[in-house]
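Throughout, a chain's letter reflects where its sequence line sits, starting with A, and its residues are numbered from 1.
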Number of protein chains: 2
Amino acid sequence: MPEMMKIRARKNKRHQDLKRLVAADPFTTDQELASKLGVSVQTIRLDRLELGIPDARSRIREVARDAYEKVKSITESEVIGELIDLELGESALSVLTATADMALAHSGVIRGHHLFAMANSLAVAVVDAKVALTGSATVRFVRRVRVGDRMVAKARVTEISGRRHTVSVAIRVGADEVFTGEFAVYAVEDT
Amino acid sequence: MPEMMKIRARKNKRHQDLKRLVAADPFTTDQELASKLGVSVQTIRLDRLELGIPDARSRIREVARDAYEKVKSITESEVIGELIDLELGESALSVLTATADMALAHSGVIRGHHLFAMANSLAVAVVDAKVALTGSATVRFVRRVRVGDRMVAKARVTEISGRRHTVSVAIRVGADEVFTGEFAVYAVEDT
DNA sequence: CGTCCTCTTAACACCTGGTGCTAATCTAAG
DNA sequence: CTTAGATTAGCACCAGGTGTTAAGAGGACG
């Protein structure tokens, strides 16, 4: 321990270390933090209080909560993005804001399959059937989409012949068209 | 409470309900479970013991751990699935096992954009360039893929003209072709 | 020099969400 | 009727905390 340090400076350094440790591993308990920083558990508690750092269980709960919501949103929603308007069998509209985790590493450009997913899920949603599956698609990535861009997708059913629905989807960012696609979606009753 | 039920049947039903509740929300404590199921906390504890369900704190920790370490989902890896083989500018191969969160609700059929994402990311990976972006694609979903299916994707660069690369991707489950696609991928240097 | 103030550590009671154990009921099935 | 399984209860204990009070250990400063 740096005993030669002035008392105030030592405390400050410890606070920095504490923040770093907690950020690096939110699962660390006060006990572990105390032994890592060479002070008593009580000191850690006071430090956390000063710095507004919640206790380990809360930190863990938070991580779990975040992850749980996130997984749910990617996984469990039938439509990628927010469904704004839906006229079954006719047209539909959804909105999605591009986030950093949709981007290609370091470039800030959104990866194509996120646009595809948004368009595809909207195309499936607009079809008036219990279950609908995409049969084929032709898509064009017209312009690059970047982190923070607000994407608006519009789907229109252009043709129905039997179980086959042709759906046109366009995604815009502001006035710019960034994606267009034509989806052949099939209505299905049985699994 | 269903008092007319036979005791054993009641217990069985409660066990099913318990599993369902815990799966739906891992954050639920014994207290909450007890009141939801109309039995005492002790009964819940015994049930958890029988069913091998860990306590709430462990469940939360697990969720947090999972999220913290291996963020899977669509977003965070450069190639969706596991990249098995890669010959830059020529061909590539990846493998992905379909999980329940990729499926359409209740049907067990994997949603198309997961196949697209697997194929697209492989197509981008196979192109020999610092950064590559998909310009357009034509895809066919040949057969339904179900939860548990092991998908193998093969990508082959079929044509290069300037920065434009044409990549053919096929995904198979066992011997069956489930997806084919043709991707136009553009090599880019600047962002 | 003494005094004062901050930092640090300690001790105690309490909280939540559990575990392990023993014991008392109660019910249904043999 | 007897007995085994299901349910509930009470008790001591645990981890990882909170809040409070109290007591030393350094400085800083008149």
* Asked: Is it true that A:Arg20 and A:Asp17 have a side-chain N and a carboxylate O under 4.0 angstrom from each other?
  ->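 Salt bridge present between A:Arg20 and A:Asp17.
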
Integer-rounded Å distance: [N] [atom2] and [X] [atom1]:
{"X": "B:Leu46", "N": "C:dA23", "atom1": "CG", "atom2": "P", "answer": "16 Å"}
{"X": "A:Asp55", "N": "D:dG19", "atom1": "CG", "atom2": "P", "answer": "10 Å"}
{"X": "A:Ile44", "N": "C:dA10", "atom1": "CD1", "atom2": "C1'", "answer": "15 Å"}
{"X": "A:Leu33", "N": "D:dG16", "atom1": "CG", "atom2": "P", "answer": "12 Å"}
{"X": "A:Asp47", "N": "C:dC7", "atom1": "CG", "atom2": "C1'", "answer": "10 Å"}
{"X": "B:Arg61", "N": "D:dG17", "atom1": "CZ", "atom2": "P", "answer": "10 Å"}
{"X": "A:Gln31", "N": "D:dC14", "atom1": "CD", "atom2": "P", "answer": "13 Å"}
{"X": "A:Gln42", "N": "D:dT21", "atom1": "CD", "atom2": "P", "answer": "16 Å"}

Phosphate-side-chain proximity, [X] and [N], N/O vs OP1/OP2 below 4.0 Å:
{"X": "B:Arg45", "N": "D:dT8", "value": "no"}
{"X": "A:Thr43", "N": "C:dT9", "value": "yes"}
{"X": "B:Arg14", "N": "D:dT7", "value": "yes"}

* Indicate, with a heavy-atom threshold strictly under 4.0 Å, whether A:Arg59 touches base, sugar-phosphate, or nothing. =>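 Counting heavy atoms under 4.0 Å across all strands, no contact is made by A:Arg59.
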
Where the side chain of [X] is concerned, which of [options] is the nearest nucleotide?
{"X": "A:Leu49", "options": "D:dG19, C:dG18, D:dT7", "answer": "D:dG19"}
{"X": "A:Val39", "options": "D:dG17, C:dT9, C:dT19", "answer": "C:dT9"}
{"X": "A:Arg48", "options": "C:dT9, D:dT18, D:dT8", "answer": "D:dT18"}
{"X": "A:Ala56", "options": "D:dG17, C:dT8, D:dT8", "answer": "D:dG17"}
{"X": "A:Asp30", "options": "D:dG17, D:dT8, C:dA10", "answer": "D:dG17"}

* Could you tell me whether A:Arg48 atom CZ has more than 12 heavy atoms of other residues or ligands within 6.0 Å of it? =>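 Buried by this count: over 12 neighbours within 6.0 Å.
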
* **Test applied, side-chain contact (heavy atoms from CB on, under 4.5 Å); reference residue, B:Ser94; option that passes from B:Val152, B:Leu122, B:Val169** =>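 So the option named by the test is B:Leu122.
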
* Would you please say whether a donor-acceptor pair under 3.5 Å links the side chains of B:Glu182 and B:Thr138? =>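 No, because no side-chain N or O of B:Glu182 sits under 3.5 Å from a partner of the opposite role on B:Thr138.
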
* Quick one: is the NZ or CZ of A:Arg61 closer than 6.0 Å to the six-membered ring centre of B:Phe27, and within 45° of its axis? ->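 Output no; distance or angle outside limits.
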
